[in-house]
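I have placed the structure first, in the form of structure tokens, so that the comments after it can refer back to it.
Proteins come first, then strands; the chains are lettered A, B, ... in the order of their sequence lines, and each starts at number 1.
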There are 4 protein chains.
Amino acid sequence: MKKPWGGRFEKDTDAMVERFTESVSFDTRLYKEDIRGSIAHAEMLARAGLIAETELAAICQGLLEIEGEIEAGEFEFQVSLEDVHMNIEAALISRTGDAGRKLHTARSRNDQVAADVRMWCRAAVDETVDLLTDCQRALVEKAVEYRDLIVPGFTHMQHAQPVLLAHVLLAYVEMLARDRDRLADCRRRLNVSPLGACAMAGTALPTDPESTADALGFDAVFANSIDAVSDRDFVIELVADMSLVAMHLSRLAEEWLIWAALEFNFLDLDEAFCTGSSIMPQKKNADVLELIRGKCGRVYGDLVSLLTMFKGLPLAYNRDMQEDKVALFDAVDTVRDSLAIAAALVRTAAFKTDNIARACVAGHMDATALADYLVGRGVPFREAHGIVGRAVRTAAAQGAQLQELSLDELRSFSDEIGEDVYGVLGAQNCVESYRSHGSSAPALVAARLEEWQTRLAED
Amino acid sequence: MKKPWGGRFEKDTDAMVERFTESVSFDTRLYKEDIRGSIAHAEMLARAGLIAETELAAICQGLLEIEGEIEAGEFEFQVSLEDVHMNIEAALISRTGDAGRKLHTARSRNDQVAADVRMWCRAAVDETVDLLTDCQRALVEKAVEYRDLIVPGFTHMQHAQPVLLAHVLLAYVEMLARDRDRLADCRRRLNVSPLGACAMAGTALPTDPESTADALGFDAVFANSIDAVSDRDFVIELVADMSLVAMHLSRLAEEWLIWAALEFNFLDLDEAFCTGSSIMPQKKNADVLELIRGKCGRVYGDLVSLLTMFKGLPLAYNRDMQEDKVALFDAVDTVRDSLAIAAALVRTAAFKTDNIARACVAGHMDATALADYLVGRGVPFREAHGIVGRAVRTAAAQGAQLQELSLDELRSFSDEIGEDVYGVLGAQNCVESYRSHGSSAPALVAARLEEWQTRLAED
Amino acid sequence: MKKPWGGRFEKDTDAMVERFTESVSFDTRLYKEDIRGSIAHAEMLARAGLIAETELAAICQGLLEIEGEIEAGEFEFQVSLEDVHMNIEAALISRTGDAGRKLHTARSRNDQVAADVRMWCRAAVDETVDLLTDCQRALVEKAVEYRDLIVPGFTHMQHAQPVLLAHVLLAYVEMLARDRDRLADCRRRLNVSPLGACAMAGTALPTDPESTADALGFDAVFANSIDAVSDRDFVIELVADMSLVAMHLSRLAEEWLIWAALEFNFLDLDEAFCTGSSIMPQKKNADVLELIRGKCGRVYGDLVSLLTMFKGLPLAYNRDMQEDKVALFDAVDTVRDSLAIAAALVRTAAFKTDNIARACVAGHMDATALADYLVGRGVPFREAHGIVGRAVRTAAAQGAQLQELSLDELRSFSDEIGEDVYGVLGAQNCVESYRSHGSSAPALVAARLEEWQTRLAED
Amino acid sequence: MKKPWGGRFEKDTDAMVERFTESVSFDTRLYKEDIRGSIAHAEMLARAGLIAETELAAICQGLLEIEGEIEAGEFEFQVSLEDVHMNIEAALISRTGDAGRKLHTARSRNDQVAADVRMWCRAAVDETVDLLTDCQRALVEKAVEYRDLIVPGFTHMQHAQPVLLAHVLLAYVEMLARDRDRLADCRRRLNVSPLGACAMAGTALPTDPESTADALGFDAVFANSIDAVSDRDFVIELVADMSLVAMHLSRLAEEWLIWAALEFNFLDLDEAFCTGSSIMPQKKNADVLELIRGKCGRVYGDLVSLLTMFKGLPLAYNRDMQEDKVALFDAVDTVRDSLAIAAALVRTAAFKTDNIARACVAGHMDATALADYLVGRGVPFREAHGIVGRAVRTAAAQGAQLQELSLDELRSFSDEIGEDVYGVLGAQNCVESYRSHGSSAPALVAARLEEWQTRLAED
């Protein structure tokens, strides 16, 4: 069967290759980094005597004009010029002639693109850290707002022990703190300049890579030119870090989706953050949470994409690496959007305290407190655990909570139980009784909240 | 802007939420399927007496006008209307009033989008199968062109046995045949209409899902309305099939990249399919092959993205599923582009027969033939294997090939070796001696080539 | 220990290399397939005159003895012999001498292992299909047991429309039906014999691959010897199919975990299928469901593992491929275990009909029914949707359901509403009113149940 | 068998459930960490007055005896006791009675297992860092051994520029340095004690988590008890780091496999690190390199496995998390084995200097040097690039290298070329001319080698 494109193909072969190999459809995002990098490179060339001061001036002026045109939407990128780098260089040459032709002295696209991507990643890290911080702030604000609210604590999606809502929200604050910490490490590793590695071997020209590194805000300069152009570890590490952020958000999303289910009804999401159904008029859906959860898959996919690309890739630069930006940009955009909307959603969410209070009565969440009470009376824990297990079974059979059992009933399970047992039963008593480090004890949670408020005010 | 589902809502959707939840930036690609599906749905509604014939006419005319505007680039999609479906419905209502307001009778976006995506996938399968077939044709043409060329056959990236190049190329033809077979199975499974499932439960209205299925070219209609709206197995299966295609192409790409390396120099890629270096003037790089190899990662990533999305997703429709199209479109586009360019690249590639002939002399590829010769003389295979191993070691120490050893030297390893041994040594003799089914025997390879030519002429 | 392939080697293999390259720690599972394949191969060799009948007899007897020893746990596998194939061959040679030394005539480990793995996969498919069928049976049995039970139907994890529990359970039956269908396709593609491809080129010896294929129950024989030894598509396809099974089970697991949460309390899992907590005496955790959900990740990981291995792998056999079995075995084991336990868990689960009935009153699930009622009175759907949206908002503000609104109240939203509206409101009325194909209409669900009972009785 | 948590249960656990939910088949590896953790916990309990000193003594003695039995292979783990933790506790109780029954006071398996896994990971990091360091040493030793050897430097798998082999090997040293750096960061984040978080809320008993943290060598103690038991970020981060190590090794493996191919013949792997073929007597296969490459897929799969498990997992502990150890152990084992064998393989490899020298003559690798020469004479780089491109095309047409062109021929491309041009052409001249930071300049490479020798001697 003759393909629609079959005839055209023999005439237009070059065009198909152009389309297949181009990256200008996605790498124009690097224009700022590219221009900044080119200016730093040109300044170094001038200092090294490789171009004249007048040439430097022409190059800088030309590049800034081009930047202006791009920002004004007036620059026409051409697919035939492959990528953002060659588009800008060609435009520069067309307006500066020989000066522009000298810009690529002692530079290859191999080190140029690596430098641009590193600068882009650095900014992406900084912006993501800011968004993480804001998300932490939103969680802390909400924790403060409901600082006395006791909620069921879950393990295995079953009632486990009563805890403060603030303690639950702070658990997410801790997760995001680790995300920030990981990104800070990632930033340190990625903020190394590859400029000056040229194609892969360095150059015989009298260049000064330290000075370009310095001018571009890099903390260090590459140690090995081959590694400098073939390394994309920083992209993979960044997307791995983004995957953890996305995973954390997916956990929050799932938990809140469950809490927003009618049967739980713990959570009241702001209408402005919900959507309706095209067919079912009653629906108020938490689509934002669902999308945060679903987009986690997108970030994971980006990570796999990158890892696959670099599996078994010989040194040094290979064109496969061009595709890294597709996954990188997608992962960063997805996580940034998810963080921004998560913060807003948290800030506008309300908790239904009555429903939550009712839920706290159910599920025998004070069973562990009773066991600890017995331990305090010298009963070995394993034995106490068994005693309480039987008490729970009896209570459950009656549809009762432990505190609803009479003292006689309770003592039928163990003689060690006394009247004071009622002081440890019930959600409120349980929470008030916690005292261990890092626990849901009200005073400790309040202190931790304050600590975070201080830290986040400073960030 | 008031949402079509906004009845129960008092607040407007937050602008950030609109941006985060919109899909119109990528699902406009479904406009043809959406309009075709809506027309079929309207026709069914008319037959069921749920809309009047005049209303049907207004709807159909309105939809076709909208389609025309979209194709002319004159239709303005609005992010506030979320997706392609609501954009088209809103435009229809604005021009047809109540007729348009009736189109969504007995339909939800849940079944609507599922139907659209299935139609899109069906077309994607058909187009991919055509591209696979063309790629097979290109491989067969190249095999015919070099039908007598013997190349080293590799295992472990080392010379193993001499084979016909045609036999190697036909190995890829077999792979792509399996890809076509898998896609045909996938098409059968996906070509089932979900239209009529409505939100998830079906409807009390007198609809006729069989008739819409029929009108839209579906082979069958859904059996269970909940499954119909929550099932995206077909998307995952399709992208899994695409992953295997991408994997096959990555194997070809890697093999050819190695063959194009200067040290091999087996392959001469058309200059029109190569690119140069921005810094190294001598480079002729096989970027197309590298990108085919690298893009494999992208398709794998899309698969992981989809699998992750559906992990642990409760029934029935959840908004997470909206993201499926991002991965689906990307995987299909990537594989289609890779197939198209692979076919063209194969057609324009030339093999360097002299270099290949020289390579065939090296590597003792006739060692197995010598072992088989000994087996023919009654030497147990394991013993023959040992004898030949020692002969190879001796030859290698001299920098010689087996056929360069004298008869006396050869007989020093086994008395069973006679003068006729030289008739089985050397690449040419080896290849000519093959006779087993499916082997690289020239007659069998020629027959298989002919078989494929016939089949591919019919496809 | 001297390796069977050691002829050309002067040095012994390094001990660390032996450990690193061995596969005998996991591929002993293939012993049955290996022995069966070797017997078929030996019979072919005898028919081809390549070994004597007495040698055939010795080989067969030796292999059967070895099989007996393996099954009795008396066979000692040696890491220095790398894999199950060489272990068995070495044992055979040690007891049959030259007869054993002839077994590897016209065979390589490359085609041998491919044949063994294909036979193993075939059995794995058959067993998995049986388990899927049994899981379907369990779901159908449970659906029959609760055939009249109405449950809330969910979209976006919110109440959408009332449906029969049987309809929900049948949605999973449909999913598993597709899994069976996919596995049947996979089986057809994998049941092709690679035996006779030898190392990669075929052989000059007068072998008969069709006869070994036939003897081993393969439907067809390989077409291309290079493809035969380098193809593991069937492993990847099988594990992709397994990933979909695991995904389906993870959806069921998540849904049931939510239904088992105290706030839902729809589901009563048998105590024998739950576990407790080491510290919290009251806990009754659905660990089985959690592990089914979590193990989904394991299967996905296996798929990624396999896809990565084959990315960019040149033809033909490469040692990387040895690792395919680790992922294959793990994925198949995981899915088989999950299916077996899911069936048992479904069979022993009870639904809490009172709690479910209470839930069905909430959530305005009859809103769509009211909209359809209005459509039946000529109100355009989009308008009806808006009317009902407002009615729901009013009812919700009063904490009421739609049927609890007075006729006057209802008519305040639309004059088209009459007394008969109460006949469509409420979960029971809704479900009874469904009539469309594939919907949750009681008669249709009953018919589909019967259809599945018949089909599953025959499977 | 009665479970330690069985108090509230009336039924025994189903046998199939026991098999499905057990982890003792893989988590016995944690026995050392578990016992060490239990002793620290018991000591804290004693200090807090929750157990008597005699009980502490009994517990410690019992645990050490159990440890001895496990190490002697005399301890019988029981599947019915689920995991390593309950097996050890049950054994302790059976020998110490009430003392043992008190060990689980103020501890849950949730914090216990988290602590054990963290200790295990910490040791895994340390061991992996040592192996990375040794691998760096092997690379540096080999670089020193061939310190003057010039090899073709590749980009796009084509000759790019001549470089020192030492420079190539140092590129891998830099990669592994980043791996070490990442693992150090990971270690810092993971070395935080979760002990004392109990089930998820902390406890009312007077525990002292700081003291157990200190006793077990943790740098810090958890801040939030919910986070402490639900967090497995450290496992994912560790396996992500392992994925990068595996990726780096796969790049080295692929490069060396290509270099070992007969057509390259740059590399001579030690026979003890190669294997043969069961059918082809001449084969000397680099199976170790292939397996290093292939096992990369295994590690990636483990990462995907883990990421999938935690997608959308609600707080706090869920049983899904049990599976994390399967992926964790597999990834760490795989990378450790790969690193150990890679170091040994590097140390025993030899480079074929003659073949490499021959290769350095081909491929016009001095083209960039010629362009830089022209730049030095004031020709704008883009123009120089064009001039040299034409010269290369001319030379290639003659089958000549640039230095084989006469001065007249060279000057026909540019008047700027003078007699001194021959001083920059040819691989040796090129390499000697490099002078930029991080380049392959002999003096700089030597300095970097020395720097690494010093650092690695100290590590």
Pair count under 4.5 Å, heavy atoms only, with chain C: among A/Leu307, A/Asn285, A/Val388, A/Val392, highest is A/Asn285

Spacing of C/Met157 atom CE and A/Leu257 atom CG [to the nearest 0.5 Å]
5.0 Å

About how many Å separate CZ of C/Phe264 and CD1 of A/Ile258, when rounded to the nearest 0.5 Å?
8.0 Å

Given heavy-atom pairs under 4.5 angstrom as the criterion, report whether the side chain, backbone, both or neither of C/Ala260 touches chain A.
both

Most contact-rich option vs chain A, by heavy-atom pairs under 4.5 angstrom, among C/Ile387, C/Asp366, C/Thr308, is C/Thr308

Ranked by heavy-atom pairs below 4.5 Å to chain C, first place among A/Thr155, A/Leu289, A/Val304 goes to A/Thr155

Side chain, backbone, both or neither: which part of C/Glu290 has a non-hydrogen atom closer than 4.5 Å to chain A?
side chain

Give, for atom SG of A/Cys274 and atom CD of C/Gln158, the distance between the pair rounded to the nearest 0.5 Å.
8.5 Å

Residue from C/Ala384, C/Ala160, C/Gly363 scoring the most non-hydrogen pairs under 4.5 Å with chain A is C/Ala160

Distance in Å, C/Leu262 CG paired with A/His159 NE2, rounded so as to fall on 0.5 Å steps
4.5 Å

Checked C/Ala286, C/Ala369, C/Ala395, C/Ala367 vs chain A; the most non-hydrogen pairs under 4.5 Å come from C/Ala367

In terms of heavy-atom pairs under 4.5 Å, which option from C/Arg358, C/Glu254, C/Lys284, C/Met365 contacts chain A the most?
C/Glu254

